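Okay, structure first, notes after.
From a predicted model like this one, the values you see are computed outputs, not experimental measurements. Side chains included, hydrogens not; waters and symmetry mates left out as well; all remaining heavy atoms used. Chain naming here is simple, since letters A, B, ... match the order of the sequence lines and numbering starts at 1 in each.
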Amino acid sequence: MPTNREAAELFRSIADILDVLGERFKPEAYRRAARSIESLTEDLAAVAARNELRTIPGIGEAIEEKIREYLTTGHLAYYERLQKEVPPGILDLLRVPGLGPKTARRFWLELGVEGPAELADAIAKGRLTGVAGFGPKKVEQIRSALAAAAGPGAGQRLPIDTAYPVAQRLVAGLKAAGGVERIELAGSFRRCRETVGDLDILVTSSEPERVFDAFSRLPEVGEVRLRGGTKETVVLRQGLQVDLRVVEPAAFGAAWLYFTGSKDHNVHLRSIARDRGLKVNEYGIFRGEERIGGRTEEEVYAALGLAWVPPEIREDRGEIDAAARGPLPPLVTAPELRGDLHCHLAPDASARDVDRMIAAARARHLDYVGVVVGGVGADGARWTLPSAALARLDSARPPGVTVGRAREDASNGDASPGDAPRSDYRILRPIGSSPGPPTRPPPSGEWTLAAHVGGDEAARRWVPWARSARVALEVGPGPERLDSTAARAAREAGVALHVPTGVALAEDDPLAPVALGFARRSGAGPKDVKNTARAADATGAWARPKRA
DNA sequence: GCCGTTTTCGGCCCGACTGTTTTCAGTCG
């Protein structure tokens, strides 16, 4: 049975081939279908079984048939026929930055070049000199792009928690350099997508040249790829591309909206604008020549008769229709997180580390923190916090903060509490070769959270179990938490999410903001999140304020 | 190939930047 990801890849390959063959609109149609399939929270086969493929945006009669053929036979005759029409290496040429379908097709038909290696060879032999449309600069551009594409990590999307500190440093660097009035991040970073292909930074400034100069000189910046009057594109030393744009304050909202995307969201907004006789672009919203809005995002949405849409859900999955009906149901926000049920201290934590964590919890106005005091680690070995730290957890009576003890158990039941320290509730984590949920529900009366359960695939097994066992699942970055798609599946099934606050971590750690972003991307409101509840409601009995 | 509170046909976001142009094509986001 093909996975959704494989089906999406198939349609992307079809789009690439159609591009090279010079088709005008089909490629985008197939890419749209691929994006839709990728964002499903259930298997394509399940949707097909219910006969609901056509309800997926971008899937019509023809693509529905192709999906059915692919699901039943594992092949697609149309794709196999297309494959024979272009050399396989041509599609690799499309991956080279600056090389598009038109150019790849010309290389193939005019020079007989069928792949990146052959193209590099042709350049080295001077076969491109004299070819119409390819001057020395263009040839050099392609040559260096080919060399860069052959290098490690080129063109890779970066996990957002990896990109997070990079983005923060760039913003801080630009602010420190001066000349910047307002600065915001846009793009898939702002939407908190799981991975980002580049970073988009928007600034207002009366001195664009000064800002571009400062940007070019930031220590993270490797190479300036292009620079015009309103935008500069650089590649960081570690390979990430960053676009910096200067926009005027009267258009900031329109630009922020435009460059935040997603593409599908923008296209949908524009079609609504067109229907109303309006035009939206990054400079504002216009009736004829007259700009009727653009200073804020709200202005642009309002001009289209829409409520403001939070960036995390701008994916054209129905949010625009909902915004047309009225204000959207609010997504969970950081101040609503009243506690954290899953805090880790270092295995050798001291009493002072405990105090530091509690101080951090107070500073963030958390009402309660549940600290893991021991259990089984990722390697399956048992561990316990040092006795000094345990004692401090019990003796700490910080006003306003309730401190609870959690233990981490293997989900397969291998680790019995036995010699584990006393705890108020437990957290399940998958260990070893069978990382799925337990076969039995947790003991009644004991509150349980499941964490470290893994991403999309694991979620398919954990979500039904968590629903029947009434166990919350943790969302957040990294391979061992639910991503936003898995979290959406959990939320739709009525499973509560736990959103870590990073209270035991460094101030600039990306865990908390990214986890919150994923929860919001999943569409979670405050009621969908376990740790927005008051302490007693979040965990049952453990977190009632202790009496001295 | 998809889609539809103007439509089942005729649209399909649109502007910046670059290199190669003597007015524009290709790529990108």
Side-chain angles (χ1 to χ4, degrees), chain A residues 11 14-15 18-36 53-67 78 82 93-107 128 130-142 145 155 186-189 191 196-202 208 212 224-233 241-247 251 254-255 257-286 304-305 316 321 324-325:
Chain A
F11 288 127
I14 290 175
L18 291 172
D19 247 341
V20 174
L21 292 176
E23 285 281 355
R24 291 272 276 131
F25 297 105
K26 288 185 189 182
E28 251 331 285
Y30 278 100
R31 289 198 182 95
R32 173 96 209 275
R35 286 194 295 272
S36 276
L53 286 173
R54 296 282 286 275
T55 66
I56 300 171
I59 293 182
E61 188 181 345
I63 294 187
E64 175 187 22
E65 266 183 42
K66 291 184 173 69
I67 292 173
Y78 176 65
L82 281 179
L93 281 181
L94 298 179
R95 310 273 169 275
V96 179
L99 262 188
K102 297 277 166 44
T103 315
R105 182 180 166 83
R106 281 194 62 192
F107 285 154
L128 255 68
V131 177
F134 292 94
K137 278 191 169 178
K138 190 82 196 167
V139 172
E140 172 52 26
Q141 200 183 68
I142 294 171
S188 48
F189 183 91
R191 303 203 313 279
V196 298
D198 63 5
L199 290 174
D200 297 282
I201 304 175
L202 258 54
F212 288 153
V224 176
R225 192 160 275 177
L226 60 85
R227 178 167 168 174
T230 62
K231 100 172 228 193
E232 176 168 4
T233 297
Q241 178 175 312
V242 186
D243 294 335
L244 175 67
R245 291 182 167 82
V246 176
V247 304
L257 174 59
Y258 182 89
F259 290 112
T260 296
S262 66
K263 182 176 181 171
D264 290 334
H265 184 86
N266 285 353
V267 167
H268 197 154
L269 290 185
R270 277 153 196 268
S271 75
I272 291 177
R274 203 178 46 239
D275 294 346
R276 293 182 160 229
L278 303 172
K279 189 175 81 165
V280 182
N281 58 27
E282 62 263 53
Y283 302 108
I285 180 156
F286 298 86
L304 298 174
D316 197 24
D321 289 342
R325 292 192 292 269

Checklist entry - Where each residue is assigned the nucleotide of DNA chain B containing its nearest heavy atom, which of A:Lys137 and A:Lys263 is assigned the position nearer the 5′ end? => result A:Lys263
Checklist outcome for this item: Per nearest nucleotide of DNA chain B, the residue lying toward the 5' end, A:Ala132 or A:Gly228, is A:Gly228
Filtered N/O pairs between nucleotides 22-26 of chain B and protein, under 3.5 Å:
| from | atom 1 | to | atom 2 | distance (Å) |
| --- | --- | --- | --- | --- |
| B:dG26 | O3' | A:Thr103 | OG1 | 3.1 |

Checklist entry - Does the cation-pi check pass for A:Arg245 over A:Phe259, that is, NZ or CZ under 6.0 Å from the six-membered ring centre and within 45° of its axis? => result yes
Checklist outcome for this item: Taking B:dC17, B:dC12, B:dG15 as options, the one with an atom nearest any side-chain atom of A:Thr230 is B:dC17
Checklist entry - Would you call A:Phe25 stacked on B:dC12, i.e. ring centres under 5.5 Å apart with the planes less than 30° off parallel? => result yes
Item to check | Test item: A:Arg270 side-chain N/O and A:Val280 main-chain N/O as donor-acceptor pair under 3.5 Å | outcome: yes
Next on the checklist: I need the A:Phe107 CZ to A:Ile142 CD1 distance, nearest 0.5 Å.
Outcome noted: 4.0 Å
Checklist entry - OP1, OP2 of B:dT27 versus side-chain N and O of A:Gln141: anything below 4.0 Å? => result no
Item to check | Nearest-neighbour nucleotide for the A:Tyr30 side chain, B:dG1, B:dC17, B:dG29 considered | outcome: B:dG1
Next on the checklist: Below the 4.0 Å mark, does B:dC14 have OP1 or OP2 next to a side-chain nitrogen or oxygen of A:Asn281?
Outcome noted: no
Checklist entry - Which listed nucleotide (B:dT18, B:dC13, B:dG29) is nearest to the side chain of A:Asp198? => result B:dG29
Checklist entry - Watson-Crick or G-U wobble partner for B:dC3, using a 3.5 Å limit on both distances? => result B:dG10
Next on the checklist: Tell me whether A:Arg31 is salt-bridged to A:Glu28, with the criterion being a basic N under 4.0 Å from an acidic carboxylate O.
Outcome noted: yes
Checklist outcome for this item: From the candidates B:dA16, B:dT20, B:dC2, the one with an atom nearest any side-chain atom of A:Tyr283 is B:dA16
Checklist entry - In terms of the angle between their ring planes, are A:Tyr30 and A:Tyr78 parallel, tilted or perpendicular, with boundaries placed at 30° and 60°? => result parallel
